[in-house]
Number of protein chains: 2
Amino acid sequence: MSLRYALIALLTGRSMTGYDISKSFSRSVAHVWHAPDSQIYPELNRMERDGLLTSVEVPWGKKGTKKEYHVTDAGLADFRAWMESPLVPQRQRDPAYLKAAYFDFADPAAVREQLRQQQAYWEEQLRMLEGTRATLLDRSHPTLAARLSTLNERDAELAVRYKVYAYDGLIARARTELAWIADGFALLEELHGR
Amino acid sequence: MSLRYALIALLTGRSMTGYDISKSFSRSVAHVWHAPDSQIYPELNRMERDGLLTSVEVPWGKKGTKKEYHVTDAGLADFRAWMESPLVPQRQRDPAYLKAAYFDFADPAAVREQLRQQQAYWEEQLRMLEGTRATLLDRSHPTLAARLSTLNERDAELAVRYKVYAYDGLIARARTELAWIADGFALLEELHGR
DNA sequence: GGGAGCATGTAACGAGTTACATGATTGT
DNA sequence: ACAATCATGTAACTCGTTACATGCTCCC
């Protein structure tokens with residue numbers, strides 16, 4: 001159900017086509033929420049059917065058209081209601097921790113390799129998060145900039161601060177993962193030598 | 001697919017019935033992996049069909065019976081193969097961060113209430129994780145103890161250390177969440193006053 | 001003319017959730 | 001006798017993934 005609200009959240013910034021949204025998802029927003037095309041297009045259709053969005057056909061080239069989606073008042077009301085509804089805590093279900101608990105079943109070399117891959121992943125993740133955080137702070141982030149132009153300075157300040165806050169949380173999480181992976185290397189060395 | 005390996009992991013400790021497993025899941029193991037009964041029983045059946053487990057009917061009372069599952073050699077081989085296969089990084093998809101990025105759409109009082117709920121959840125989580133970590137360290141954790149009794153001291157040491165390592169990661173994660181929530185309270189106060 | 005990228009999906013499947021269903025046993 | 005808990009599921013549904021499908025446009 002959150003995909004729906006992630007889409008509204010994005011569209012409050014500016015109106016977009018399904019394709020734009022899909023690109024936004026795989027670029028910056030993917031840090032907060034990931035979704036493939038095959039999930040986005042059908043969901044946009046359902047949301048339009050439910051009255052949360054409206055779309056206008058925009059000509060594209062000579063023959064083509066594309067649909068630009070806009071959030072309706074009902075959509076915004078729904079979004080606000082969700083924002084204020086209690087958050088159901090996420091179940092813990094992370095294969096990385098499951099595996100770590102049973103590393104003694106695997107070859108130490110294979111474990112080391114997996115730690116290296118995880119490390120590369122989280123370092124890349126951290127780099128992207130810090131990059132996006134910077135574009136939020138200096139207000140150059142395209143979707144944020146579009147939304148800020150419709151707000152007064154006080155509201156713009158709030159929007160920026162909360163987004164930076166969310167990214168600070170994601171950055172802290174990435175650093176925690178990296179610290180845990182570093183501990184993993186140290187543990188491997190202690191138990192099996194280098 | 002990880003549910004399957006979480007089940008094998010548990011059953012390497014000791015043989016259990018579906019019910020025992022379901023209880024283990026909702027008690028300690030739930031920190032690493034959660035699954036409801038309705039997912040566990042069918043999966044056990046599929047795993048038996050696939051030759052990863054065998055079961056023996058154990059009498060229970062006068063009329064009842066229960067099925068005790070054991071990991072087969074094929075099951076153990078499958079588990080080891082999974083343990084050494086590369087880990088596919090989890091997509092980021094956490095409603096808490098999505099919401100936080102858009103807190104400016106919600107009433108500050110509602111935001112404060114949500115932070116309080118999240119705080120209570122993570123504090124409880126942390127308390128349980130630290131409790132379980134202690135029972136792993138002193139080897140009183142029932143499933144771990146059962147498995148240790150089949151191992152020599154060197155292998156027992158490895159099994160304990162890796163499990164503690166996994167819990168250390170989960171504990172660090174919980175602390176990171178709590179620190180982020182504390183920052184959220186501070187931010188709310190700064191932006192909206194107390 | 002050809003390749004990169006724009007634009008929009010469908011189909012099949014797997015994983016996970018929620019609600020429901022049923023009966024036996026053990027302890028008070 | 002009654003409650004708690006042991007024991008094992010099914011059914012319907014939602015959400016997400018993977019693979020495939022199709023055609024246009026813009027720029028070189």
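Order of the sequence lines sets the chain letters (A, B, ...), proteins ahead of strands, with each chain counted from 1.
Evaluation of atom-type donor-acceptor distances gives a pair under 3.5 Å for the side chain of A/Ser38 against the base of D/dT18.
Atom pair B/Ile21:CD1 and D/dC6:C1' shows a separation of 14 Å (rounding to whole Å applied). With rounding to whole Å, B/Glu43 atom CD is found 9 Å from C/dG16 atom P. For A/Lys62 and C/dA7, the NZ to C1' distance is 16 Å, given to the nearest whole Å. Atom CE of A/Met1 is separated from atom P of D/dC15 by 5 Å (rounded to the nearest Å). Residue B/Lys63 contributes atom NZ, which lies 15 Å from atom C1' of D/dC6 at whole-angstrom precision. D/dT8 atom P lies 11 Å from atom CD1 of B/Ile40, rounded to whole Å. A/Gln92 has its CD atom 16 Å from the C1' atom of C/dG16, to the nearest Å. Separating the NZ atom of A/Lys66 from the P atom of C/dG5 is a distance of 16 Å, rounded to the nearest angstrom.
Where A/Pro36 and A/Gly64 meet DNA chain D, the nucleotide closest to each residue was compared, and A/Pro36 sits on the side nearer the 5' end. Along DNA chain D, the nucleotide closest to B/Asn45 and the one closest to B/Arg91 are compared, and the more 5′ of them pairs with B/Asn45.
A salt bridge is defined here as a Lys NZ or Arg NE, NH1 or NH2 lying under 4.0 Å from an Asp or Glu carboxylate O, and B/Arg133 with B/Glu130 fails to meet this definition. Using a 4.0 Å cut-off between charged side-chain N and carboxylate O, A/Asp20 and A/Arg14 make no salt bridge. Of the charged side-chain nitrogens involved, at least one lies within less than 4.0 Å of a carboxylate oxygen, so that A/Arg139 and A/Glu157 count as a salt-bridged pair.
The side chain of A/Trp60 has C/dA7 as its nearest neighbour among C/dA24, C/dA7, D/dT10. Picking from C/dG9, D/dT8, C/dT17 the nucleotide with the shortest atom distance to the side chain of B/His34 gives C/dT17.
Residue B/Arg93 has a polar side-chain atom (N or O) positioned under 4.0 Å from OP1 or OP2 of D/dT17. Contact annotation: B/Tyr19 side-chain N/O to D/dT8 OP1/OP2 distance is not under 4.0 Å. Within the structure, a side-chain polar atom (N or O) of A/Tyr41 is placed less than 4.0 Å from OP1 or OP2 of C/dT8.
Residue contacts for A/Asp37: at a heavy-atom cut-off of 4.0 Å it reaches a base atom on one of the strands shown.
Contact check for B/Ile21 versus B/Glu43: no side-chain heavy atoms found under the 4.5 Å cut-off.
With a 6.0 Å cutoff to the six-membered ring centre and a 45° limit on the axis angle, B/Lys163 counts as a cation-pi contact of A/Tyr102.
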